[in-house]
Amino acid sequence: MKKTVFRWIALCLVMLFMLTACESILPQVINPTMQTDPSDPFRDTALTAFKDMEYSRQEVAPIEERQQAVLDSIDAEEDVPTLMEKVFAFYELYHDYYTGYALANIHYNLDLTDSYWEEEYNFWMDTNSEVDSLLDNMLYALAEHPKKEELEVEAYFGEGFFDDYEGESLWDETFTALMEKEAELQTQYYEVSGEAVNADPYSDAYHQTYGSQMADIYVEMIKVRQEIATYAGYEDYASFAYDFYYNRDYTPTQAEALMGDIRTQLAPLYQHMDYSDLYDLFSIKVSQDETFLYTRSCANNMGGIMWEAFDAMVKAGLYDITYSAKKYDASFEIYISNYDSPFVFVNPAKNVQDKLTFTHEFGHFANDYASYGTSVGIDVAEFFSQGLEYLSIDYATGGKKLEQLIMFNSVSLYVEQSLYAAFEQEVYKLTGDQLTKENIYKTFGDVADDFGFGTSVDSRLFVLVPHFFISPMYIISYVVSNDAALQLYQLEQTEKGAGVAKYVDNLDTMESNFLSFVQAAGLESPFAEGRVEKVAATFEKILK
């Protein structure tokens with residue numbers, strides 16, 4: 001039974017993979033192309049239609065030339081306005097580069113068999129480490145400027161911007177080469193994923209062919225990532241990733257403690273839930289129109305900025321929720337910087353989960369729409385996507401019918417994503433001769449058993465989680481942000497409109513750190529003593 005449940009969960013609960021080129025994987029940057037004050041949530045102009053967005057490659061050499069102009073200006077001790085003209089010129093091409101990346105990313109994921117877009121996407125994957133290094137080295141140089149205070153005025157970088165750029169940049173020739181090696185392995189993973197699009201991911205044939213290749217790639221990825229962490233001066237890869245990619249204000253040790261509480265207090269509840277009604281629910285086919293109307297009704301009933309964002313998304317065609325066997329089997333939202341436009345990508349499962357998946361990704365869209373793509377942290381961004389799923393219970397047509405499903409999803413998210421995060425923490429502890437494909441399989445099976453799924457779980461299933469390959473150490477974000485998002489539901493049940501008010505009031509947040517955001521929003525930390533116990537009590541009341 002446990003094996004059947006685990007397989008069903010993995011099939012139905014689509015991993016919600018948010019690719020945000022200038023938010024989740026890059027240092028925070030200013031946006032000199034921003035034309036409107038992000039504190040005003042209502043835009044003056046319509047968004048550019050996706051079909052009208054122009055794609056072109058932005059080669060690296062011109063970006064490097066403009067970076068060198070900034071460095072020369074610093075050496076020549078030119079005045080700050082002159083220096084900033086050159087900084088803005090650098091950012092112009094930098095945003096051109098990541099606009100091209102976003103568009104190639106979308107087009108390639110829409111059809112993994114399209115050789116043109118595969119080649120274009122690979123260009124960006126092959127060069128983004130070099131471009132990131134140009135940005136990083138420039139910012140470190142600016143942080144040493146004797147007039148740094150003048151650079152940190154509101155019109156330029158903002159107060160305290162260079163606090164994260166003290167000392168020396170990591171991006172030397174060795175570090176860049178390691179990052180490029182990781183990118184090459186990610187490209188290999190995408191290529192195998194493209195070859196496997198029509199295969200049954202739960203069949204032995206799939207795992208003997210594609211899954212085995214993915215596992216081999218993962219072994220090499222872990223090796224490279226361990227090298228990266230060591231070179232960067234970290235004791236382990238988890239600590240490196242928490243700092244470098246996600247700038248988290250909590251530690252892997254805190255995350256492990258949270259996973260432990262979830263394992264002991266929520267996993268038993270999860271294992272004993274009655275799934276029979278959900279099997280019936282998932283047996284009903286859901287059309288693309290039904291999925292669209294669910295999310296539309298939620299935005300419409302919430303009104304204000306939520307409806308404006310949805311209407312703008314539809315009018316500009318900034319979403320794709322059509323099914324295709326050629327599409328990347330995941331869902332995400334990505335920001336196209338030069339057009340100040342988010343884009344939602346969903347490859348639907350053709351069941352009721354699609355309504356929540358589209359709603360989830362639209363939550364990301366609304367956050368980026370209201371904030372003009374401001375660089376919030378991953379955990380903060382996930383608060384808005386997961387939070388909208390909870391609010392849809394009371395605001396989407398048919399939402400009440402999905403309340404138990406949403407709560408079941410929430411329990412499973414706490415437990416499953418903690419399982420995945422725990423596996424990820426453990427697998428990066430394998431080194432030397434112990435780092436083998438077989439030991440990775442064993443680690444996944446052991447962690448699944450530890451969370452109550454039993455030893456019968458197919459340990460090869462870890463290859464179906466794209467985050468392990470593309471966004472390492474991301475998964476814990478779903479757990480901590482879900483805890484904060486659940487509080488929106490709790491507020492809404494206590495007082496009608498209170499959850500929505502909290503959500504909308506924070507939609508244009510500039511806060512990148514999760515715990516700081518939670519405190520500022522008046523919410524409880526997921527790491528607070530007794531918090532998981534409170535969550536368990538809420539679920540027991542709803543799901544009993």
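Along the sequence shown, the residues carry numbers beginning at 1. These values consider heavy atoms only, across backbone and side chains, with no hydrogens, waters or symmetry-generated copies. Since the structure is predicted, the reported quantities are computational estimates derived from the model, not experimental observations.
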Aromatic ring pairing Y369/F365, orientation class (parallel under 30°, perpendicular over 60°, tilted between): parallel
Verify whether one side chain among S331 and N347 offers a donor that lies under 3.5 Å from an acceptor in the other. no
Using the benzene-type ring in the case of Trp, are the ring centres of Y189 and Y218 under 6.0 Å apart? no
Compare every heavy atom of F362 with every heavy atom of A299, then report the nearest pair and how far apart it is. CB-CE2, 4.0 Å
What orientation do F161 and F157 show, parallel under 30°, tilted 30 to 60°, or perpendicular over 60°? tilted
Ring centre gap for F423 and F462 strictly below 6.0 Å: yes
Take a 6.0 Å sphere around NZ of K496 and say whether it holds more than 12 heavy atoms from other residues, nucleotides or ligands. yes
Would you say Q519 has more than 12 foreign heavy atoms packed within less than 6.0 Å of its CD? no
Any idea how F517 and F514 line up, ring-wise: parallel (<30°), tilted (30 to 60°), or perpendicular (>60°)? tilted
Parallel under 30°, tilted from 30 to 60°, perpendicular over 60°: which one fits the rings of W117 and H107? parallel
Does a donor on one side chain sit under 3.5 Å from an acceptor on the other, for N105 and N109? yes
Tell me if the aromatic rings of F453 and Y270 count as close, with their centers under 6.0 Å from one another. yes
Ion pair present between K502 and E492, side-chain N to carboxylate O less than 4.0 angstrom? no
Parallel under 30°, tilted from 30 to 60°, perpendicular over 60°: which one fits the rings of H467 and Y474? perpendicular
Classify the ring geometry of Y55 against W124: parallel below 30°, tilted from 30° to 60°, perpendicular beyond 60°. perpendicular
Taking the six-membered ring for Trp and the single ring otherwise, decide whether the centroids of Y190 and Y328 are under 6.0 Å apart. yes
Does the separation of the ring centres of F384 and Y503 fall below 6.0 angstrom? yes
Taking the ring centre of each residue, are Y242 and Y246 less than 6.0 Å apart? no
Sequence neighbours left out, what passes side-chain hydrogen bond (donor to acceptor under 3.5 Å, both in side chains) with S477? Give chain and number order. R248, D379
Are the aromatic ring centres of Y101 and Y98 under 6.0 angstrom apart? yes
When you measure from the side chain of S410 to the backbone N and O of I406, does any donor-acceptor pair fall under 3.5 Å? no
Which residues pass the side-chain hydrogen bond (donor to acceptor under 3.5 Å, both in side chains) test with K315, not counting sequence neighbours? D311
Can you measure from CD (Q58) to CG (N338) and round to the nearest 0.5 angstrom? 10.0 Å
